[in-house]
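Everything below concerns the one structure shown next.
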Amino acid sequence: MYSHYEFVTGPFAWMAFLIFIFGSIYRFYSLYKLARKKDGAVFEYMDLKFALRSIGHWLTPFGSRSMKLNPSMTVVTFLFHISLFLVPIFVFGHVVLWKENFDISWFTLPNIVADIMTLIVICSCAFFLWRRIKLPEVRYLTTVGDYVILLIVAAPFITGFWAYHQFPGFAAITIIHIISGEIMLIAIPFTKLFHMFTFPFTRGYIGSEFGGIRMAKDW
Amino acid sequence: MNYSSAKPKKLFLNCIISAMKSIVPKGIFLTSLFLIISGTAFSNDCYTINGESLEDNTNTRPFVCFPHDEHNENAGLDDNCARCHHVYTDGQLMPDESSEDSSCSECHMSQEKPNDLDLIVRYHKLCRSCHLEEKKGPITCGECHKKP
């Protein structure tokens with residue numbers, strides 16, 4: 001227990017952060033090189049105004065046609081992404097550890113808000129799983145990897161909820177919670193979770209092409 | 001692409017609602033149980049560390065049960081009060097002097113922002129680091145901040 005705790009909060013944590021940072025830089029670099037090589041025209045099309053216009057629409061709830069067509073999916077994905085982003089950064093239990101280890105700290109979410117947002121993430125993952133299994137048009141496109149990613153994303157939230165509420169076995173679960181968060185960090189650069197960084201570029205590119213070349217809306 | 005039926009929405013909402021239900025009544029149930037027990041049979045010698053200076057924290061955890069004398073007996077700290085009640089002179093730890101007549105907050109709570117994390121973090125560092133060194137005693141949040 002003690003040596004596990006020291007390992008997951010020490011060497012393994014450092015490794016996870018380094019892989020996350022350098023893996024992301026590497027992915028950006030290789031995507032950039034690939035785009036240069038395969039389709040240099042991408043860079044000619046890019047237009048800040050059209051890019052931002054498109055990104056703006058897609059970051060606004062119901063800002064695009066497909067969002068209006070699937071309202072339940074829209075509500076769930078927006079709540080999901082907001083919670084997924086805010087909880088790990090602003091939950092008190094994490095900020096106090098930043099303070100302990102690096103002497104920096106920032107705003108924290110009230111416990112109850114973090115608790116509800118955690119449930120939103122867990123329930124969203126259940127919803128996404130249900131959708132993958134039940135809807136033929138989604139199941140058709142689903143690979144094993146998609147289920148694994150769902151698990152990678154849900155695990156830190158399920159275990160975090162467990163540890164916070166001190167359900168049975170929470171001490172060991174806390175260690176699994178730490179590991180699962182680290183696995184998620186490591187997975188970000190190498191899986192489709194990387195869309196958290198590439199989103200503005202892919203959206204911006206499509207927006208530029210539709211706005212500047214096809215003179216059409218892409219939302 | 002037509003999954004905008006009522007079903008998934010219901011699924012999602014039911015999930016949230018039932019999850020909320022499962023924590024709320026349990027909390028109420030456990031606190032009432034605790035009140036009954038502590039009011040009757042239970043008399044513990046938990047020592048609440050400087051509760052006043054920390055209780056305004058908006059992100060409170062349950063206070064730590066720290067049975068001062070028993071803890072130090074078990075941990076073999078009976079005659080090493082200075083391990084926790086330390087004294088520093090010019091940044092140097094004075095191993096032979098101790099400060100048990102002052103509370104930690106007197107030296108470790110920032111005056112401008114009494115509710116910030118400074119004091120909390122001091123406790124965490126002092127307590128957890130020894131438990132890790134000795135491979136004995138609690139290290140995860142919930143083990144120290146036990147729910148009643």
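Excluded from the calculations below are hydrogen atoms, water molecules and symmetry mates; all remaining heavy atoms, backbone and side chain alike, are included. In what follows, every chain begins at residue 1, and chains take the letters A, B, ... in the order their sequences are listed.
- In this structure, B:C141 SG and A:L97 CG are separated by 6.5 Å, a value rounded to the nearest 0.5 Å.
- With a threshold of 4.5 angstrom between heavy atoms, A:L79 approaches chain B through side-chain atoms but not through N, CA, C or O.
- The CG atom of A:N111 sits 5.0 Å away from atom CZ of B:R61, with the distance rounded to the nearest 0.5 Å.
- Of the atoms belonging to A:T74, not a single heavy atom falls under 4.5 Å from chain B.
- For the set A:I122, A:V96, A:D103, the entry with the most heavy-atom pairs within less than 4.5 Å of chain B is A:V96.
- In this structure, A:F190 places its CZ atom where more than 12 heavy-atom neighbours from other residues, nucleotides or ligands lie under 6.0 Å away.
- Pairs passing the salt bridge (charged side-chain N to carboxylate O under 4.0 Å, His left out) check and including a residue from residues 191-201 of chain A, sequence neighbours excluded, read A:D146-A:K192.
- Heavy-atom pairs under 4.5 Å with chain A were tallied for B:K136, B:H145, B:R122; the largest tally goes to B:K136.
- Remark: B:E100 CD is packed, more than 12 non-hydrogen atoms of other residues, nucleotides or ligands lying under 6.0 Å away.
- Between the side chain of A:Y2 and the backbone N or O of B:G137, at least one donor-acceptor pair lies under 3.5 Å.
- For A:Y147, the OH atom is densely surrounded, since the number of other residues' heavy atoms within 6.0 Å is greater than 12.
- Counting only residues at least two apart or on different chains, the ring-ring contact (aromatic ring centres under 6.0 Å, His included) pairs with a member in residues 52-77 of chain A are A:H57-A:W219.
- Residues A:S105 and B:L117 approach most closely at CB-CD1, 3.6 Å, considering heavy atoms.
- A donor-acceptor pair under 3.5 Å links the side-chain atoms of A:Q166 to the main chain of B:K147, judged by distance alone.
- Residue B:R128 touches chain A through its side chain alone, counting heavy-atom pairs closer than 4.5 Å.
- You'll find the side chain of B:I120 reaches within 4.5 Å of the side chain of A:F92, heavy atoms only.
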Assess the residue pair B:D118 and A:K99 against the criterion (side chain to side chain contact (heavy atoms under 4.5 Å, CB included)); give the C-alpha distance rounded to whole Å, side-chain angles, the decisive distance to 0.1 Å, and a yes or no.
CA-CA 8 Å; B:D118 284 349; A:K99 176 79 184 169; 3.0 Å; yes
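- Within the 4.5 angstrom heavy-atom criterion, no atom of A:A163 approaches chain B.
- Atom NE2 of A:H177 sits about 11.0 Å away from atom OG1 of B:T140, to the nearest 0.5 Å.
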